[in-house]
Amino acid sequence: MQSVVVALDERLENPGDTRVVADHLDEKSYNLGERAFTLPEGVDYDLVLTNAGEGILATGIISAHVKGSCDRCLGDAEFDVKGEVDEYFLFKEPDEVLEVGDGEDEVDYSLVSSDRTVDLTEALESALLMDTPFIVLCQEDCKGLCPVCGQNLNEADCGHAAQIEAEREQERLDKSPFSVLKNLELDD
């Protein structure tokens, strides 16, 4: 993602001061692990920077329309992302480790740079990645590909699914402890 650096000016000089930062980034794509996604309309973000006394709190939303491939049928899939941005930038390094509540988790923070800027790039990327679904589908009820012939089952039914289901049912019946009774002959 292209770098998003915001200079802190007099609008954020005192605790409680806020500043709205909104813009559009002409990003074309991003990766999540080995998966690639395209951003045909780029990325929009709308943030509020707040002077919280010991640092700057950046909160807001990042949104994008995303294209990728369906995990079931490998066809085109599209979805919208609206991720929450929540990042804390301290003015100076803390003397001790910051902890949340019961002391099990450390607070995640960045530092305001020496030239009084904050780099929002990582916070925006994280929000985009966190809101990307783990399983991407072209439609909620995607039928996927036939495991026998590879036919896209959303387009046509090749008949293999019924055959496989019948074989599985027969296998289940054959493994049943009562299967030996099928050959039992009862004399009258």
Side-chain angles (χ1 to χ4, degrees), residues 1-6 20-50 57-89 100-101 104-110 118-176 178-179:
M1 180 174 282
Q2 57 188 301
S3 183
V4 179
V5 178
V6 176
V20 174
V21 178
D23 203 355
H24 174 81
L25 301 174
D26 288 325
E27 289 295 317
K28 301 296 180 210
S29 64
Y30 70 101
N31 293 327
L32 179 58
E34 295 180 14
R35 300 200 54 189
F37 297 98
T38 60
L39 300 163
E41 300 165 13
V43 176
D44 294 312
Y45 64 90
D46 190 1
L47 306 177
V48 175
L49 302 181
T50 303
L57 179 62
T59 57
I61 300 289
I62 184 170
S63 59
H65 183 72
V66 182
K67 291 184 178 183
S69 61
C70 178
D71 287 331
R72 288 188 189 158
C73 71
L74 305 178
D76 293 336
E78 297 184 30
F79 57 94
D80 291 321
V81 168
K82 278 207 177 302
E84 290 186 31
V85 178
D86 187 14
E87 185 75 20
Y88 195 46
F89 298 89
V100 176
E104 291 183 15
D105 298 322
E106 292 183 11
V107 174
D108 188 26
Y109 66 90
S110 300
V118 291
D119 187 349
L120 299 169
T121 310
E122 187 176 318
L124 294 173
E125 284 178 343
S126 293
L128 181 65
L129 295 174
M130 291 298 291
D131 206 58
T132 300
F134 184 70
I135 296 174
V136 176
L137 299 176
C138 60
Q139 56 193 21
E140 206 171 299
D141 61 344
C142 177
K143 296 175 184 174
L145 300 175
C146 173
V148 175
C149 67
Q151 168 69 40
N152 185 337
L153 298 175
N154 297 310
E155 297 170 357
D157 186 2
C158 60
H160 290 122
Q163 176 186 350
I164 291 171
E165 185 60 35
E167 289 172 2
R168 285 184 183 156
E169 180 63 18
Q170 186 59 49
E171 185 178 310
R172 185 186 69 78
L173 291 174
D174 291 344
K175 288 183 179 180
S176 167
F178 300 105
S179 66

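- Put simply, CG on L39 and CG on L25 are 10.0 Å apart, with the number rounded to the nearest 0.5 Å.
- Nearest heavy-atom pair across L120 and A58 is CD2-CB, 4.0 Å.
- Atom OG1 of T59 sits about 12.5 Å away from atom OH of Y88, to the nearest 0.5 Å.
- Listed by first and then second residue, the salt bridge (charged side-chain N to carboxylate O under 4.0 Å, His left out) pairs involving residues 160-169 are E169-R172 (not counting sequence neighbours).
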List the atom pairs, donor and acceptor, that lie under 3.5 Å between side-chain atoms in residues 64-74 and the rest of the protein, sequence neighbours left out.
residue, atom, partner, partner atom, Å
H65, ND1, D80, OD1, 2.7
H65, NE2, E78, OE1, 2.7
D71, OD1, R35, NH1, 2.9
D71, OD1, R35, NH2, 3.2
D71, OD2, R35, NH1, 3.2
D71, OD2, V136, N, 2.8
R72, NH1, C142, O, 2.9

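- Considering only residues two or more places apart in sequence or on other chains, D174 meets the salt bridge (charged side-chain N to carboxylate O under 4.0 Å, His left out) condition with K182.
- Scored by the side-chain contact (heavy atoms from CB on, under 4.5 Å) test, V5 finds S3, T117, D119 as partners (sequence neighbours excluded).
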task: Would you please test L137 and F79 for side-chain contact (heavy atoms from CB on, under 4.5 Å) and show each step?
output: CA-CA 9 Å; L137 299 176; F79 57 94; over 6 Å; no
query: Step by step, would you call L57 with D86 a side-chain contact (heavy atoms from CB on, under 4.5 Å)?
result: CA-CA 7 Å; L57 179 62; D86 187 14; 3.6 Å; yes
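- In this structure, the side chain of T38 does not engage the main chain of P40 through any donor-acceptor pair within 3.5 Å.
- Panel note: side chain T121, backbone V4; a donor-acceptor pair is recorded below 3.5 Å.
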Donor-acceptor pairs under 3.5 angstrom involving side-chain atoms of residues 147-155: please list them, not counting sequence neighbours.
residue, atom, partner, partner atom, Å
N152, OD1, N154, N, 2.9
N152, OD1, N154, ND2, 3.2
N154, OD1, Q139, NE2, 3.3
N154, OD1, K143, N, 2.9

N/O donor to acceptor pairs below 3.5 angstrom from side-chain atoms of residues 125-134, sequence neighbours left out:
residue, atom, partner, partner atom, Å
E125, OE2, M1, N, 3.2
S126, OG, E122, O, 3.0
D131, OD2, K82, N, 2.9
T132, OG1, Y30, OH, 2.7
T132, OG1, L128, O, 2.9

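- A 4.5 Å side-chain heavy-atom check between H24 and V43 finds every atom pair outside the cut-off.
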